[in-house]
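In what follows, a structure is listed as C-alpha cells, so that the remarks can point back to it.
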Amino acid sequence: DQQVKQNSPSLSVQEGRISILNCDYTNSMFDYFLWYKKYPAEGPTFLISISSIKDKNEDGRFTVFLNKSAKHLSLHIVPSQPGDSAVYFCAAGYQKVTFGTGTKLQVIP
Amino acid sequence: NAGVTQTPKFQVLKTGQSMTLQCAQDMNHNSMYWYRQDPGMGLRLIYYSASEGTTDKGEVPNGYNVSRLNKREFSLRLESAAPSQTSVYFCASSTDRGSNYGYTFGSGTRLTVV
C-alpha cells in the first residue's frame, strides 16, 4: 500500500522556467510533509517542509503547497537552474516518515 | 565534517555470506534509521532507533538485524545475504523520531549480492 505517491517518474524543464513536482498521499493522519533532493551517489538532502496546519511554505526559490482536502502537495522551483537536476522525494510523517518513489527532474540549459 | 558517516561505500557479497553496515552520526541526534532504496520503490524503512537502547522494525525488516551501540552508532547486519537484498542502503538520523526538521542522510552503501 503506497501511502505517498509521486506519479511522474520524470520531468524536463527549461532553465529559468518553473518546475512543479507533485505528490499525493492517502493517510489523513500525516501531520507534516517534506521534500528531499538527491544527487547520484549521494544521500538525500532535506529541502523544505510544511506542517499540516499551513498551506504554503517558501524558502528562496522553493515553495511547497499543501492541499489537505485533496491530499496533495506540490513543490515549485522558480526559476529552475541546471543545478536543480536531481531526484526529488516527497515524504510525509506522522509517527514515522514515509517516502514517495521519487521524480527525476532535468533542467535543460 | 559533521553529519552521518556510512561504511563501506560498496560491497559485493555471495549468497549466504554475512556482513555489517556501519553508521555513525556526530550531531547528537536521538533517532537513527536504516533505509533501502530500490528502483521504482523509493526509500523504505528497514529498522529505526528512536533513542539509545531501543530499536523497532520498519516496513521491510525481514533478513536484517540492527544494533544501537551507543547514541552515535547504529549498525545493520545481514546474517545470510540473499540476491533480493541487493540495494542501496542509507542510514539517517534526526533530533526526534518523526522530526519536522528532516533527516540527515549518509551517502549510502551500494550492496550487490550474487
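Predicted model, so just to flag it, every value in this text is computed and none were measured. Each chain gets a letter, A, B and so on, in the order the sequences are listed, and its residues count up from 1.
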Does any backbone or side-chain atom of A:Ala41 lie under 4.5 Å from a heavy atom of chain B? Answer side chain, backbone, both or neither. backbone
Under 4.5 Å between side-chain heavy atoms, counting indirect links through other Ile/Leu/Val/Met/Phe/Trp/Tyr residues: same cluster for B:Phe74 and B:Val4 or not? no
A:Val97 and B:Tyr35: which non-hydrogen atoms are nearest, and at how many Å? O-OH, 3.6 Å
Give a yes or no on whether A:Arg17 atom CZ has more than 12 heavy-atom contacts from other residues, nucleotides or ligands under 6.0 Å away. no
So which part of B:Leu45 gets closer than 4.5 Å to some heavy atom of chain A, the side chain, the backbone, both or neither? side chain
Are the side chain of B:Tyr103 and the backbone N or O of A:Pro44 linked by a donor-acceptor pair below 3.5 Å? no
Common cluster, B:Tyr89/B:Tyr48, ILVMFWY with side-chain heavy-atom separation under 4.5 Å: no
Verify the cluster assignment for A:Ile48 and A:Leu73: are they in a single hydrophobic cluster under the rule of side-chain heavy atoms below 4.5 Å apart? yes
Take a 6.0 Å sphere around CZ of B:Arg110 and say whether it holds more than 12 heavy atoms from other residues, nucleotides or ligands. no
Check whether B:Glu59 gets within reach of chain A through its side chain, its backbone, both or neither, counting any heavy atom under 4.5 Å. side chain
Mind listing the closest non-hydrogen atom pair of A:Phe89 and B:Gln37 along with its distance? CZ-NE2, 3.5 Å
